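Below: the structure, in structure tokens.
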Amino acid sequence: QVQLVESGGGLVQAGGSLRLACAASGRTFSSFTMGWFRQAPGKEREFVAAINWSGRSTYYADSVKGRFTISRDNAKNTVYLQMNSLKPEDTAVYYCAASYYSGESVVRVRNRSDYDYWGQGTQVTVSS
């Protein structure tokens, strides 16, 4: 089992930045591929970014590419999502997820069904 707890959400003006963190406990964090998803009101949960176990491979949704950066610190059992140049359409609940996928290319883990554990989510609201 892996327990995931997100933090760092909040209210920010358009153009601003936030850094989300997801702290993991339980089984060996460094063996998991980690991802961030988000869900806006009335919409499906969508993929945002993923990072492989070593941190050498990352993948982003087109909507956040160039603005968001996913990273991880295996010594701290934590994955981060740095969000810059935020837009009102980034408003959503952001979820951290862990996958047993152990490959190098995280392009393959873009779907909800690819992930085995989920956090409770943290709200991000971007005002215009």
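The structure displayed is predicted, hence computed values, not measured ones. The analysis underlying the following values was restricted to heavy atoms, covering all of them including side chains, and did not include hydrogens, waters or symmetry mates. Residue numbers run from 1 in the order of the sequence given.
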OH (Tyr80) and OG (Ser7) are apart, to the nearest 0.5 Å, by 9.0 Å
- Please work out which of the three classes, parallel, tilted or perpendicular, describes the rings of Phe68 and Tyr94, given edges at 30° and 60°. tilted
Does any donor atom in the side chain of Asp114 or Ser99 lie under 3.5 Å from an acceptor atom in the other side chain? no
- Message: Test of understanding: clusters of I, L, V, M, F, W, Y form through side-chain heavy atoms closer than 4.5 Å, transitively. Do Tyr115 and Val93 belong to the same one?
- Response: yes
State, yes or no, whether a side-chain contact exists between Arg112 and Arg45 at a heavy-atom distance under 4.5 Å. yes
| Does Asp73 offer a backbone N or O that forms a donor-acceptor pair with the side chain of Thr78 under 3.5 Å? | no
Taking the side chain as C-beta and beyond, is there a heavy-atom pair between Val124 and Thr91 under 4.5 Å? no
- Message: I'd like to know if the side chain of Thr28 reaches the main chain of Ser30, judged simply by a donor and an acceptor atom lying under 3.5 Å from each other, with no hydrogens or angles considered.
- Response: no
So NZ of Lys65 and OG of Ser63: to nearest 0.5 Å the spacing works out to 9.5 Å
With sequence neighbours left out, the residues meeting side-chain contact (heavy atoms from CB on, under 4.5 Å) with Ser57 are Asn52, Val106
**Request:** State yes or no: do Trp53 and Tyr117 share one hydrophobic cluster built from I, L, V, M, F, W and Y residues joined by side-chain heavy-atom distances below 4.5 Å, directly or via other members?
**Result:** no
Begin with the C-alpha distance, continue with both residues' side-chain angles, and end with the deciding distance and a verdict on side-chain contact (heavy atoms from CB on, under 4.5 Å) for Asp90 and Arg38. CA-CA 9 Å; Asp90 294 318; Arg38 66 186 182 186; 2.9 Å; yes
Cluster overlap Val2 with Trp36, hydrophobic side-chain contacts below 4.5 Å: yes
To the nearest 0.5 Å, atom CD of Glu6 lies from atom SG of Cys96 at 5.5 Å
Find out whether Ser128 and Gln13 are in side-chain contact, i.e. whether some heavy atom of one side chain is under 4.5 Å from a heavy atom of the other.
no
Quick one: are Leu20 and Met83 in side-chain contact, heavy atoms under 4.5 Å? yes
Would a hydrophobic clustering, with Ile, Leu, Val, Met, Phe, Trp and Tyr connected at side-chain separations under 4.5 Å, put Phe47 with Tyr101?
-> yes
Parallel, tilted or perpendicular: ring planes of Phe32 versus Tyr100, cut at 30 and 60 degrees: tilted
Item to check | ILVMFWY cluster, Tyr59 and Val79 together (side-chain gap under 4.5 Å) | outcome: no
With a 6.0 Å cut-off (strictly less than), is the heavy-atom count around CD of Gln120, excluding the residue itself, greater than 12? no
Interatomic distance, OG@Ser25 vs CG@Asn77, rounded to 0.5 Å, equals 8.0 Å
Arg72 side chain to Thr33 backbone, donor-acceptor under 3.5 Å: no
Residue pair Val48 / Leu81, side-chain heavy-atom distance below 4.5 Å = yes
* To do: Evaluate ring-ring contact (aromatic ring centres under 6.0 Å, His included) for Phe37 paired with Tyr95, printing each intermediate quantity in order.
  => CA-CA 5 Å; Phe37 286 72; Tyr95 296 91; 8.7 Å; no
Interatomic distance, SG@Cys22 vs CE@Met34, rounded to 0.5 Å, equals 4.5 Å
d(Thr69 OG1, Ile51 CD1) to nearest 0.5 Å is 10.0 Å
Side-chain (Arg67) to main-chain (Ser85) donor-acceptor, under 3.5 angstrom
yes
Please examine the side chains of Gln82 and Ser71, heavy atoms only from C-beta on, and report whether any two atoms are closer than 4.5 Å. no
